[in-house]
Every structure is written in C-alpha cells, then in structure tokens.
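Down below is the structure, laid out as structure tokens.
Here is the naming used below: chain letters follow the sequence lines, and residue numbers restart at 1 for every chain. Both backbone and side-chain heavy atoms feed into the values below; hydrogens, waters and symmetry mates do not.
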Protein chains: 2
Amino acid sequence: MKNDLDVVFKALADESRRELLDRLRTENGQTLGDLCARLSKSGAVMTRQAVSKHLAILEDANLVATIKRGREKLHYLNPVLIHEIGERWIGKFERSRLDALSTLKKELEAKNE
Amino acid sequence: MKNDLDVVFKALADESRRELLDRLRTENGQTLGDLCARLSKSGAVMTRQAVSKHLAILEDANLVATIKRGREKLHYLNPVLIHEIGERWIGKFERSRLDALSTLKKELEAKNE
DNA sequence: ACAATATGCAACCTTTTGGTTGCCTGTCAA
DNA sequence: TTGACAGGCAACCAAAAGGTTGCATATTGT
C-alpha cells in the first residue's frame with residue numbers, strides 16, 4: 001500500500017479501473033463478485049482474476065480500501081487521493097491556465113504575420 | 001490529435017511526461033532541445049529521441065500544442081484538458097467524498113464489535 | 001556552398017501490463 | 001461433513017510501453 005503520486009496516476013491510466021471506481025462510487029462496499037459482473041473489456045467480458053488484479057492495483061494505490069467479512073471481501077472507494085490530485089497536481093496547472101493560453105495565442109498571431 | 005479521456009490519463013501516467021508538463025508550466029514555448037536538457041529517468045539522462053516520443057504522446061493527447069518556427073519546434077502547454085479532468089472527472093468523486101469516508105468508517109466500526 | 005544545428009523516422013530491444021488458465025484455500029449452509 | 005461458494009496464488013502469454021541506435025531531412029549562419 002504505497003502512497004506515491006506515480007502509483008496513483010498509473011492506477012488511473014486504465015479504463016477498466018476507472019470504471020471500477022465509478023461503480024464503487026455508485027454503490028460502495030461491493031464484493032469482488034459484484035464488481036466482476038458485467039465488467040467488460042471493449043465488449044468482451046473479462047474473468048474474475050483480471051478484475052481481481054485491477055482491484056489489487058487500486059488497493060495498492062490506496063484508491064480503494066477493503067474489509068474481509070467471512071468469505072467475501074468488501075471494496076470501499078477511498079476518494080482522498082483523487083481529491084489530492086485535484087488539489088495539489090491539477091491546482092498548480094490551474095494557476096497557469098489563462099496565462100498559457102494567452103501566450104500561445106500571441107505566438108500564433110506572431111506566426112501568421 | 002485525439003481528445004479522448006483515456007488518452008489523456010495514459011499520457012499523464014508517466015513520470016517523465018508529467019515532468020515535461022511541469023517544465024512547460026514554468027517556462028512555456030520551449031524547444032525539444034530545451035526540454036531535452038537534464039530530463040532524467042531515475043538519475044540517468046535519456047536521449048533526445050525518448051523525449052521526442054514523450055512530447056509526441058503529450059501532443060497527441062492534446063496536452064501540448066506546437067508551433068514550428070524555422071528548424072525548431074516550440075512546445076506550449078495546453079492546460080484545458082487538465083482542467084477538464086479536474087472539473088468533470090475528479091468533480092464527480094468530490095461529491096461522494098465525505099459520504100464514502102463515513103460509510104467506510106461505519107463498516108470498520110461494525111467489524112470491530 | 002557547406003558545416004553545424006534541430007528535428008523526424010524507422011527498426012529493434014527489453015520490461016511492463018493486462019489478461020488467461022489451472023489449482024489451492026477458506027467459509028458457509030444443508 | 002460435505003458440497004458449493006468466494007476468493008487467492010502462480011505460471012504463462014501476447015501486446016503495449018519506454019528506450020536506444022542509426023540514418024535522413026530541413027534550416028541556419030558563415
């Protein structure tokens with residue numbers, strides 16, 4: 001269970017994993033079996049083991065937390081790191097947003113003269 | 001030059017590429033040669049071609065825009081998609097942030113009884 | 001014109017990633 | 001206790017990602 005920024009970005013880089021997060025957001029505390037149902041890779045359904053691996057990656061990135069209850073394992077969304085990316089990483093680019101665009105616009109106009 | 005969310009997330013998944021974005025944020029409109037200087041992969045310096053590939057990926061994801069001026073190619077940060085991820089993608093998780101945590105906390109307490 | 005500079009393109013290589021199959025372990029319910 | 005159910009583990013595989021070397025092209029300054 002690392003906490004590095006790179007691990008989080010890499011975890012978010014996969015469509016299936018983002019879909020898993022979405023589904024936990026819709027309904028928190030699902031089991032592997034629940035999440036396994038109807039998770040598809042471009043149309044085709046993927047196996048339980050594949051989903052399990054994705055969940056392990058999300059858990060390692062600290063994006064989901066799990067609780068074992070009996071023979072099932074419940075998965076809970078942990079939105080803290082998503083929030084952190086928004087605050088710390090995206091935030092710093094936010095500051096330069098308008099500035100960057102105006103600079104680019106100026107350069108483009110200079111080129112077209 | 002696609003505009004898909006997946007392409008953007010995949011582009012952001014690499015540490016070197018995020019560093020390139022950081023450096024364009026610090027100083028916009030740099031050439032490949034500029035960006036090439038001192039870009040390292042865990043200590044070791046990487047070749048111009050590797051940096052070029054990374055820039056191509058960023059450009060394809062629409063995170064950088066380029067202008068050719070003579071024999072050099074200037075790279076400009078395009079923060080629009082980063083902003084969009086913050087607004088549309090992170091935003092929807094923001095809503096469920098406190099709720100998710102309280103749910104998880106309740107489950108944990110229930111387990112420890 | 002010509003050498004140096006700035007970049008592009010393609011082949012190739014290695015590691016990582018996403019996925020599968022097969023089998024094993026633990027838990028619940030009849 | 002004995003199936004059936006939920007999940008874990010490990011080996012294996014194909015494709016994608018990251019990087020390199022080598023050569024080609026275009027532009028600039030002298």
Side-chain angles (χ1 to χ4, degrees), chain A residues 1-2 4 6-21 23-24 29-61 63-76 107 111, chain B residues 1-2 4 6-21 23-24 29-61 63-76 107 111:
Chain A
M1 200 227 287
K2 303 177 187 174
D4 188 43
D6 191 59
V7 179
V8 178
F9 269 112
K10 281 199 164 41
L12 294 179
D14 188 89
E15 170 71 45
S16 303
R17 287 193 288 269
R18 290 197 304 277
E19 190 181 334
L20 283 172
L21 292 178
R23 290 166 63 163
L24 285 181
Q30 299 185 63
T31 68
L32 170 60
D34 295 336
L35 292 165
C36 210
R38 300 181 316 285
L39 185 63
S40 56
K41 159 103 182 179
S42 63
V45 177
M46 76 171 61
T47 59
R48 175 179 59 83
Q49 286 80 354
V51 178
S52 179
K53 276 193 179 181
H54 283 306
L55 287 172
I57 290 173
L58 290 172
E59 191 175 352
D60 196 59
L63 287 164
V64 293
T66 60
I67 303 176
K68 282 179 67 173
R69 186 154 66 192
R71 62 182 161 184
E72 12 182 62
K73 187 175 180 182
L74 306 180
H75 297 78
Y76 290 89
E107 296 286 343
K111 196 192 181 181
Chain B
M1 200 227 288
K2 304 176 190 176
D4 188 43
D6 191 58
V7 179
V8 178
F9 268 113
K10 281 200 164 42
L12 294 180
D14 188 88
E15 169 71 43
S16 304
R17 287 195 287 269
R18 289 196 305 276
E19 190 182 334
L20 284 172
L21 291 178
R23 290 166 63 163
L24 285 181
Q30 298 185 63
T31 68
L32 170 59
D34 295 336
L35 292 165
C36 211
R38 300 182 315 285
L39 185 63
S40 56
K41 159 101 181 180
S42 62
V45 177
M46 74 171 62
T47 60
R48 174 179 60 80
Q49 287 81 353
V51 177
S52 180
K53 276 193 181 182
H54 282 306
L55 287 171
I57 290 172
L58 289 172
E59 190 175 353
D60 196 60
L63 287 164
V64 247
T66 60
I67 303 174
K68 281 179 67 173
R69 185 155 69 191
R71 62 181 158 184
E72 21 184 50
K73 187 174 181 183
L74 306 180
H75 297 77
Y76 292 88
E107 295 287 342
K111 197 194 180 180

Review point. Can you list the steps and then say if B:Leu24 with B:Leu35 is a side-chain contact (heavy atoms from CB on, under 4.5 Å)?
Key: CA-CA 8 Å; B:Leu24 285 181; B:Leu35 292 165; 3.9 Å; yes
Exercise for review: Please report, rounded to the nearest Å, how far the P atom of C:dT5 is from the CG atom of B:Leu74.
Suggested key: 19 Å
Review point. How would nucleotides 23-30 of chain D be written as a contact map, 5' to 3', with B for base contact, S for sugar-phosphate-only contact and - for no contact, using protein heavy atoms under 4.0 Å?
Key: ----BB--
Review point. Can you check the B:Glu59 CD to C:dT7 C1' distance for me, whole Å?
Key: 13 Å
Point to revise | N/O (side chain, B:Ser52) to phosphate O (OP1/OP2, C:dG8) under 4.0 Å | key: yes
Review point. Is A:Thr47 near enough to C:dT20 that one of its side-chain N or O atoms lies under 4.0 angstrom from OP1 or OP2?
Key: yes
Practice item. Go through the structure and list residues passing salt bridge (charged side-chain N to carboxylate O under 4.0 Å, His left out) with B:Lys53, not counting sequence neighbours. Key: none
Point to revise | Phosphate-side-chain proximity, A:His54 and C:dG19, N/O vs OP1/OP2 below 4.0 Å | key: yes
Study note, to complete from the structure: With sequence neighbours left out, the residues meeting side-chain hydrogen bond (donor to acceptor under 3.5 Å, both in side chains) with B:His54 are B:Arg17
Exercise for review: From the options D:dT20, C:dG19, C:dT7, select the nucleotide whose nearest atom is closest to the side chain of B:Lys73.
Suggested key: C:dT7
Check your understanding: Quick one: A:Asp14 CG to C:dT16 C1', roughly how many Å, whole number?
Key -> 13 Å
**Study point:** Listed partners of A:Lys10 passing side-chain hydrogen bond (donor to acceptor under 3.5 Å, both in side chains), at least two apart
**Key:** A:Asp6
Practice item. Report the residues that fulfil side-chain hydrogen bond (donor to acceptor under 3.5 Å, both in side chains) with A:Glu15, sequence neighbours left out, ordered by chain and then residue number. Key: A:Arg18
Point to revise | Rounded distance in Å - CG (B:Leu12) to C1' (D:dA17) | key: 16 Å
Practice item. Could you tell me the separation between the CG atom of A:Asp6 and the C1' atom of D:dA17, rounded to a whole number of Å? Key: 14 Å
Practice item. For residues A:Thr66 and A:Leu74, determine if any side-chain heavy atom of one lies less than 4.5 Å from a side-chain heavy atom of the other. Key: no
Point to revise | Atom pair distance, as rounded to whole Å: CG in A:Leu55 and P in D:dC9 | key: 14 Å
Practice item. State which of C:dG8, D:dG18, D:dG19 makes the closest approach to the side chain of B:Ile57. Key: D:dG18
Exercise for review: Mind checking side-chain hydrogen bond (donor to acceptor under 3.5 Å, both in side chains) for B:Thr47 and listing every partner two or more places apart, or none if nothing turns up?
Suggested key: none
Study note, to complete from the structure: note: A:Lys53, atom NZ; D:dC13, atom P; distance rounded to Å ~ 13 Å
Practice item. Quickly work out the B:Ile67 CD1 to C:dT7 P distance and round it to whole Å. Key: 14 Å
Study note, to complete from the structure: Ranking C:dG19, D:dG18, D:dG8 by distance to the side chain of A:Leu32, first place goes to D:dG8
